[in-house]
Amino acid sequence: MSRPDAKGQLSRWLDRFALAAAAADRSALLALFAEDCYWRDLLAFTWNLHTAEGREGVGDLIDATFARTRPSAFTVQDEASETDGITEGFFTFETTEARCRGYVRLKGDLCWTLLTSMEELKGFEEKKGRRRVMGAQHGVHRDRQTWLERRQEEEASLGSETQPYCLIVGAGQGGLALGARLKRLGVPTLIVEAHDRPGDAWRKRYKSLCLHDPVWYDHMPYLPFPDDWPVYTPKDKMADWLEAYAKVMELDVWSSSPCRKASFDAERGQWSVEVLREGRPVTLAPRHLILATGMSGIPNEPAFPGMDLFAGEQCHSSRYKSSEAYSGKKCVVIGSNNSAHDICADLWEKGADVTMVQRTSTHVATSDALFRFGTSRLYSEDALERGIDTDKADLLNASVPYRLMPEILKPVTASIKAADADLLERLEKAGFLLDFGDDESGLFLKYMRRGSGYYIDVGASDLIANGDIKLKSGVGVREITRNGVVLSDGTELPADLIVYATGYGSMNGWAARLISQEVADRVGKVWGLGSDTTKDPGPWEGEPRNMWKPTRQDGLWFHGGNLHQSRHYSQYLALQLKARLEGIPTPVFGIPPVHHLA
């Protein structure tokens with residue numbers, strides 16, 4: 001709720017902050033922050049994604065960055081609001097290098113949370129709006145080169161006559177979003193994709209796959225979905241959109257071009273990357289290598305005894321394509337997260353006899369309840385009507401420090417549990433093992449901490465509760481036999497098909513495979529916050545490990561996540577790469593030590 005003086009209170013705090021910043025008065029600056037304060041910076045001061053916690057952390061950030069950045073021109077943007085003693089609102093400001101945007105929450109007259117976000121580099125702005133290019137060349141010109149001819153020339157020369165500054169591995173939503181940002185910034189970029197076409201990472205999955213997040217959350221940069229796009233996008237529709245996106249945004253994509261190996265020459269500051277382009281080896285020499293392979297690494301292929309004896313078909317869930325051949329056959333799916341549920345439902349729809357083996361507990365929430373109590377606050381038609389467009393929603397979403405999220409999300413999770421109570425009770429009666437995160441904070445933090453352990457229900461949970469999908473829970477796999485699966489309790493499950501929905505490793509597994517184990521270990525684990533919860537070992541880092549920011553291997557970056565993260569964080573990764581291309585100094589503050597190798 002707004003109150004008349006909320007904007008005035010915010011303006012007064014910003015004025016005091018600006019005066020203290022101009023005077024480089026550290027004590028005056030720290031006096032503006034509460035003891036329990038949080039400052040999340042997205043490049044503007046740190047050239048990093050970094051959260052400073054407490055006055056000591058804020059002081060360290062100020063000491064390391066203010067003399068160089070010289071922040072100024074602080075201005076409240078839009079209206080401010082006040083609810084339950086918290087005054088909050090957007091503001092804009094500048095540094096020596098960039099134009100920036102921020103969001104602050106005040107408890108009384110002191111800052112509780114602060115977000116600062118780099119929006120654009122001065123002198124290297126995107127050519128949009130009034131800066132857009134003319135395109136057509138009016139008049140009469142001998143030997144005129146058309147747009148198509150220029151485009152074909154660019155495509156033919158990149159990778160042969162000219163080398164890309166950035167090489168992106170992967171043409172899914174992450175690689176394409178980043179490619180579009182870099183294209184707009186004039187950074188020579190090539191995207192290589194092992195599949196035949198952009199979008200095939202979606203197109204070639206099982207038929208029933210669809211996005212579990214709603215459309216308002218999933219827009220790509222610059223080109224939002226049409227306003228009649230379905231709320232939940234089917235996978236083939238998504239694949240076609242990505243392929244069209246690559247074409248419309250004029251991205252340079254080499255399809256059918258798997259990346260085979262890479263090495264870094266530290267003296268030259270350059271990679272040597274071997275790509276198999278349509279069967280022919282090509283060596284590229286980019287300055288920066290970006291692994292945009294999602295948020296997951298190489299599939300966790302199990303090694304159960306007897307797998308080599310199985311007479312039927314078996315595959316990891318990443319290679320499962322279709323249920324067409326399994327009508328009337330016995331199928332066992334080992335795993336109980338999103339892919340396992342989707343595959344079980346897909347097989348059941350084609351008349352298969354399906355059993356899910358649930359080894360450990362799973363967080364289940366219906367897509368409807370997640371939307372009502374979670375996503376819709378910032379990403380929905382209602383949010384748009386309140387003036388929260390995608391850019392504002394992304395910044396509001398980013399303005400909450402990860403340290404505060406558990407306490408904020410616990411009541412949200414409780415509301416979701418209450419809405420889903422009937423389904424959850426029926427699942428428990430069927431023997432399904434449920435959890436809601438180690439601290440009852442729910443699905444989003446499970447995703448951020450470990451990237452697994454949950455299912456967004458779009459129908460499979462009813463099938464389990466009803467017994468249509470059979471369930472064996474709380475058991476492991478003892479061995480695979482010629483005819484099926486033997487569980488740790490001695491139960492034998494006959495099978496014609498076994499699907500191992502056993503998840504994925506850390507993204508640095510791709511670095512180990514493409515570059516070396518030494519480089520993968522130098523970078524360390526990718527993803528997770530250091531929350532010291534299941535599969536997210538401490539110590540606390542406060543930001544996703546190694547994602548969208550500098551790593552301890554020069555010139556190596558990781559980019560991915562869901563569509564929302566691919567859209568939003570591609571902005572910051574692109575700005576980091578553009579600054580390096582233009583020779584702008586980028587002293588990085590706050591790279592944490594490597595605590596975990598995988």
Side-chain angles (χ1 to χ4, degrees), residues 202 205-214 232-235 238 294-296 299-300 302 314-323 326 330-371 416-417 419-420 422-437 442-444 446-447 450-475 477 485 493 495 497-504 535 562:
W202 289 93
R205 297 297 303 279
Y206 49 91
K207 285 186 175 182
S208 62
L209 179 65
C210 69
L211 270 67
H212 290 191
D213 292 320
Y232 297 103
T233 309
K235 58 105 176 178
M238 187 70 224
M295 53 152 282
S296 302
N300 285 330
Q314 56 185 330
C315 66
H316 187 269
S317 58
S318 59
R319 297 192 300 278
Y320 173 82
K321 296 294 190 295
S322 172
S323 57
Y326 298 105
K330 293 186 179 296
C331 304
V332 175
V333 177
I334 298 170
S336 58
N337 296 335
N338 262 336
S339 293
H341 279 81
D342 285 350
I343 290 168
C344 283
D346 187 54
L347 288 163
W348 179 86
E349 286 184 346
K350 285 295 183 286
D353 180 339
V354 190
T355 300
M356 173 186 284
V357 177
Q358 184 191 28
R359 296 173 294 169
T360 57
S361 61
T362 308
H363 177 34
V364 173
T366 63
S367 59
D368 177 66
L370 279 171
F371 178 66
I416 293 170
K417 284 173 66 175
D420 291 342
D422 177 66
L423 173 65
L424 298 177
E425 182 181 353
R426 291 190 295 119
L427 280 172
E428 287 187 313
K429 284 182 179 178
F432 194 88
L433 304 176
L434 290 168
D435 74 65
F436 301 92
L443 191 148
F444 179 71
K446 250 199 165 186
Y447 167 70
R450 53 183 281 190
S452 65
Y454 53 85
Y455 170 54
I456 301 175
D457 179 43
V458 290
S461 288
D462 261 329
L463 296 176
I464 293 169
N466 296 339
D468 295 311
I469 293 173
K470 298 172 185 175
L471 176 69
K472 287 293 295 183
S473 60
V475 291
V477 174
V485 180
L493 301 175
L497 168 71
I498 304 172
V499 179
Y500 303 107
T502 46
Y504 299 83
K535 295 189 178 182
N562 58 29

Working for side chain to side chain contact (heavy atoms under 4.5 Å, CB included), residues Leu211 and Trp202: CA-CA 10 Å; Leu211 270 67; Trp202 289 93; 3.5 Å; yes
Verdict with supporting geometry, Leu497 and Leu347, side chain to side chain contact (heavy atoms under 4.5 Å, CB included): CA-CA 10 Å; Leu497 168 71; Leu347 288 163; 4.1 Å; yes
Main-chain N/O of Gly503 paired to His316 side chain as donor or acceptor, under 3.5 Å: yes
Thr362 (side chain) donor-acceptor with Ser336 (main chain) under 3.5 angstrom: yes
Those residues that, when tested against Arg450, pass side-chain hydrogen bond (donor to acceptor under 3.5 Å, both in side chains) (two or more places apart): Ser452
Phe444: ring pair (Phe, Tyr, Trp, His ring centres under 6.0 Å) partners, not counting sequence neighbours: none
For Ser367, side-chain contact (heavy atoms from CB on, under 4.5 Å) partners two or more places apart: Tyr232, Ile456, Val458
Phe436: partners by ring pair (Phe, Tyr, Trp, His ring centres under 6.0 Å), with sequence neighbours left out: His363
Under the ring pair (Phe, Tyr, Trp, His ring centres under 6.0 Å) test, residues paired with Tyr455 that sit two or more places apart: His341
Nearest-0.5 Å distance, CE of residue Met356 to CG of residue Leu493: 13.0 Å
Leu427 vs Ser461 side-chain heavy atoms within contact, under 4.5 Å: yes
Main-chain N/O of Tyr454 paired to Lys446 side chain as donor or acceptor, under 3.5 Å: no
Under the salt bridge (charged side-chain N to carboxylate O under 4.0 Å, His left out) test, residues paired with Arg319 that sit two or more places apart: Glu301
Pairing residues for Tyr320 by the side-chain hydrogen bond (donor to acceptor under 3.5 Å, both in side chains) criterion, not counting sequence neighbours: Asp346
From CZ (Arg359) to OG (Ser473), nearest 0.5 Å: 13.0 Å
Set of side-chain hydrogen bond (donor to acceptor under 3.5 Å, both in side chains) partners for Lys330, sequence neighbours left out: Asp353
By salt bridge (charged side-chain N to carboxylate O under 4.0 Å, His left out) - contacts of Glu349 (at least two apart): none
Qualifying residues under side-chain hydrogen bond (donor to acceptor under 3.5 Å, both in side chains), relative to Ser339, sequence neighbours excluded: none
Within-4.5 Å side-chain heavy-atom neighbours: Arg205 and Asp342: no
Test side-chain contact (heavy atoms from CB on, under 4.5 Å) applied to Leu471 and Val357, Ile464, Thr355, Leu433, the passing residue: Ile464
Counterpart residues, salt bridge (charged side-chain N to carboxylate O under 4.0 Å, His left out), relative to Asp420 (two or more places apart): none
Working for side chain to side chain contact (heavy atoms under 4.5 Å, CB included), residues Ile334 and Gln314: CA-CA 11 Å; Ile334 298 170; Gln314 56 185 330; over 6 Å; no
NZ on Lys470 to CG on Leu463, rounded to 0.5 Å: 13.5 Å
Counterpart residues, salt bridge (charged side-chain N to carboxylate O under 4.0 Å, His left out), relative to Lys417 (two or more places apart): Glu440
Chi angles and distances behind the side chain to side chain contact (heavy atoms under 4.5 Å, CB included) call for Gln358, Phe432: CA-CA 8 Å; Gln358 184 191 28; Phe432 194 88; 3.4 Å; yes
